[in-house]
S.K.: 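Can you read through this structure? Questions will come right after.
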Amino acid sequence: MLPYLSIQLRLQAAVRAILPEADVTAVLVRPCPDPKFGDYQSNALMAVAKARKMNPRQLATEVVAKLEVAEWCEPVEIAGAGFLNFRLKPTALDAALQSAARGEHLFFARTAQPRTIVVDFSSPNVAKPMHVGHIRSTGIGDALQRSLRLLGHHVITDNHIGDWGTAFGKLLLGWKQILDRPALARDAIAELERLYKIINTECDTNPARLEEAKQELVKLQAGDPENLAIWQEMTVLSQKQFDTIYSRLGVKFDHTLGESFYNPWLNDVVVDLLRRGIARESAGAVAVFSDGSLPPKEDPFLVNRDGEWIPDPALVRKSDGGFNYTTTDLATVDYRLKTWSPQEIIYVVDDRQGPHFKKLFLAFARWQPDAAKTVKLVHVGFGKIMGDDGKPFKTRSGDTVKLGDLLDEAEERSLKLVTEKNPDLSPERCREIARVVGLAAVKYADLLPNRQSDYVFSWDKMLAFTGNTAPYLLYAYSRIRSIFRKLEQPDFSIAHPEVIHLLAPEELVLAKHLLNFGLALEGVADEYRPNFLCNYLYELAGKFTSFYENCPVLKAEATATRDSRLALCHLTATVLKQGLAALGIETIEQM
RNA sequence: GCGCGCGUAGCUCAACUGGAUAGAGCGUCGGUCUCCGAAGCCGAAGGUUGUGGGUUCAACUCCCGCCGCGCGCACCA
């Protein structure tokens, strides 16, 4: 077990010994923000004391008297208002690394309570090109599902593609009347996009055209064979595009159950909602209204107009009989619960859909109160990608940036840099390095900022080899690998874990940081924030580089020092690789 | 108008249950390759965390007011 977890358990036991009725789940041990205070700290006693109106330092003194941590720590220090500071004994640090070297752990613990978690992410639309916005849902969702799996959860990924809806009326009309077959063969998505744009423009100015499109949609929804066949073909063509992009990104889904999958249940959902009095008819449509159980300010089914709270319902059936996405989403929750019995469903979707998810989650809880208690529904929202001008990121001509083009450009730019820095490497080798670096740069730049804020897209920043970037991390990794190449043991493994014995300050700093890998992973899983792991890995790479500058490995004077440092390098490389993998980022041996 | 989110160094961003002297990178200035990869490393300068109050032993973090920006506000998703 990792030292801080052992210390935490003992601390909780000590608190329980003093205050038997105390809830110790919040009594946590965390790394110190400043090494001068020690390696780990706990500030939980101040909160415990406060809740009981006790003197925090007095409580700390009593707890410390009962605290048995001498096998890992120097004597515990009580500081400030009631902080506990722990300093690891060198033997405990060595032991932790040795157990990792024996393969007993990689500085994280698999969860004691595995949950079944559905992760719903990416969700592109049929007949439309995947664009730069999809990188966010896809990248964040993939990083979350990878991290959750690594921690031992049972994860089910489901790509809820937009393969149904009003857009298909226009697409069908375009397909029947102005389809350019050769163009479709060349670039299906571009042709479908062209159809949609033309018909959409016509519909804006010509009500008759709009009516035609609506009729095509009605026919599709009624199961007209011709329209269904065309729709099917559009879906297949789109899926090819998705597959190409996902294959480049290294993203896989366990399921791809698009919106259309739920069609058979939509009518039943609405009927049931009506029967239970959760939805009612309004202006020809069917909608879920507020049940008044929440204060108006917190009630997503209410909106304030000129000082008055008026209904802002969620529509589940349009006045023309069509269904809305709330209906589909309700059917989807129902299906997922019945099929997989998850404890948690995570939706990685743009923050602007926040109000929709609030309504959805509340509506589901009213529809199926018992089922709702078994599952945690979470909207993991994220902000927009902006250009240098502070406006949403677009091409020079003002179009949305297509994801495929973005990845191409990342590889091209990265190839230029790689070739420049490595004139000796073969073109094939450079191309492979550039592929990994370019892709990593885009993914990492997207995962690094706090997901809720908008961020500014910058090629120069994400491809820079300095600063908190993917190239910097990959460079640190490749430098470690270079050591083992030089050693002529590219498949190096730690033969004798007991050689690990850390002395130099830079060794200690690096080793202690390795111990915190699990905290970073848990942060990602608990807060749905991959940027915690990004920052952890950046610090790890930085601490490794400091070590590397100051502590000779292959040229160490003593064999024992050399072997210990080789082991430290190997463990660092393993954590870097595993951590990047959890973010969906590949590593390379050389760059 | 109402609601939600945001506001941190010149710029781009961090800041882990409220916790100790708010941290990085870029840019600027300076140091560092007869030594395992200098795409690196070390150092300096740079802040009233939009603003005014409040709660607390302790506030970037929680509460209230104000200013500024973004987003959303039935029959698209």
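Proteins come first, then strands; the chains are lettered A, B, ... in the order of their sequence lines, and each starts at number 1. Being a predicted model, the structure only gives us computed values, none of them experimental.
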S.K.: Touch check for A:Ser123, heavy atoms < 4.0 angstrom, all strands: base, sugar-phosphate only, or nothing?
M.R.: nothing

S.K.: Heavy atoms only, 4.0 Å cut-off, all strands: where does A:Asp454 land among base, sugar-phosphate and nothing?
M.R.: sugar-phosphate

S.K.: Could you check whether A:Asp34 gets within reach of a base, just the sugar-phosphate, or nothing at all, counting any heavy atom under 4.0 Å?
M.R.: nothing

S.K.: From the options B:C36, B:C16, B:C57, select the nucleotide whose nearest atom is closest to the side chain of A:Pro33.
M.R.: B:C16

S.K.: Classify A:Asn550 by what it touches in the nucleic acid, base, sugar-phosphate, or nothing, heavy-atom distance under 4.0 Å.
M.R.: nothing

S.K.: Can you tell me which nucleotide in B:U17, B:G3, B:A15 comes closest to the side chain of A:Phe532?
M.R.: B:A15

S.K.: Could you work out, with side-chain hydrogen bond (donor to acceptor under 3.5 Å, both in side chains) as the rule, every residue matching A:Ser137, not counting sequence neighbours?
M.R.: none

S.K.: Is the shortest side-chain N to carboxylate O distance from A:Glu432 to A:Arg435 below 4.0 Å?
M.R.: yes

S.K.: Determine the contact category for A:Ser482: base if any of its heavy atoms lies under 4.0 Å from a base atom, sugar-phosphate if only primed atoms, P, OP1 or OP2 are that close, otherwise nothing.
M.R.: base

S.K.: Base, sugar-phosphate, or nothing: which does A:Glu522 touch, judged by heavy atoms less than 4.0 Å apart?
M.R.: nothing

S.K.: With a 3.5 Å cut-off and just heavy-atom distances, do the side chain of A:Glu259 and the base of B:A77 make a donor-acceptor pair?
M.R.: no

S.K.: Would you be so kind as to tabulate the donor-acceptor pairs closer than 3.5 Å made by side chains of residues 519-528 of chain A, with sequence neighbours excluded?
M.R.:
from     : atom 1 : to       : atom 2 : distance (Å)
A:Tyr528 : OH     : A:Glu344 : OE2    : 2.4
A:Tyr528 : OH     : A:Lys376 : NZ     : 3.2

S.K.: Return yes if the base of B:A74 and the side-chain atoms of A:Ser282 contain a donor-acceptor N/O pair under 3.5 Å, otherwise no.
M.R.: yes

S.K.: Under 4.0 Å between a side-chain N/O of A:Asn531 and OP1 or OP2 of B:A15, yes or no?
M.R.: yes

S.K.: Work out how far the P atom of B:A45 is from that of B:G50, and round it to whole angstrom.
M.R.: 24 Å

S.K.: For a quick check of understanding: with a heavy-atom distance under 4.0 Å over all strands, which category does A:Tyr472 fall into, base, sugar-phosphate or nothing?
M.R.: sugar-phosphate

S.K.: Name the nucleic acid region contacted by A:Thr469, choosing base, sugar-phosphate or nothing; use a 4.0 angstrom heavy-atom cut-off, strictly under.
M.R.: nothing

S.K.: Counting any heavy atom closer than 4.0 Å, what does A:Asp299 reach on the DNA or RNA strands: base, sugar-phosphate only, or nothing?
M.R.: nothing

S.K.: Which dot-bracket string describes RNA chain B (Watson-Crick N1-N3 plus N6-O4 or O6-N4, or G-U N1-O2 and O6-N3, all under 3.5 Å; [ ] crossing; | other strand)?
M.R.: (((((((..((((.....[...)))).(((((.......))))).....(((((..]....))))))))))))....

S.K.: With a 4.5 Å heavy-atom cut-off, do A:Val63 and A:Leu19 have their side chains touching?
M.R.: no

S.K.: Base, sugar-phosphate or nothing for A:Ser319? Non-hydrogen atoms, less than 4.0 Å.
M.R.: base

S.K.: Is A:Arg529 close enough and on-axis enough to A:Phe382, meaning under 6.0 Å and within 45°, for cation-pi?
M.R.: no

S.K.: Between A:Phe289 and A:Arg280, is there a cation-pi geometry (under 6.0 Å to ring centre, at most 45° from the normal)?
M.R.: yes

S.K.: Mind telling me whether A:Phe457 and A:Phe393 have parallel, tilted or perpendicular rings, with 30° and 60° as the class edges?
M.R.: parallel

S.K.: If we take the C1' atom in both B:U17 and B:U12, what is their distance in whole Å?
M.R.: 29 Å

S.K.: Counting any heavy atom closer than 4.0 Å, what does A:Pro552 reach on the DNA or RNA strands: base, sugar-phosphate only, or nothing?
M.R.: base

S.K.: Categorize A:Phe83 for me: base, sugar-phosphate, or nothing, with a 4.0 angstrom heavy-atom threshold over every strand shown.
M.R.: base

S.K.: Could you state the atom-to-atom distance from CG of A:Leu171 to P of B:C76 in whole Å?
M.R.: 15 Å

S.K.: Nearest whole angstrom, please: distance from the P of B:C13 to the CE of A:Met462.
M.R.: 12 Å

S.K.: Just checking A:Lys486: base, sugar-phosphate only, or nothing, at a heavy-atom cut-off of under 4.0 Å?
M.R.: sugar-phosphate

S.K.: Indicate, with a heavy-atom threshold strictly under 4.0 Å, whether A:Ala556 touches base, sugar-phosphate, or nothing.
M.R.: nothing

S.K.: Using the C1' atom as the point on both nucleotides, what is the distance between B:C29 and B:G72, in whole Å?
M.R.: 47 Å

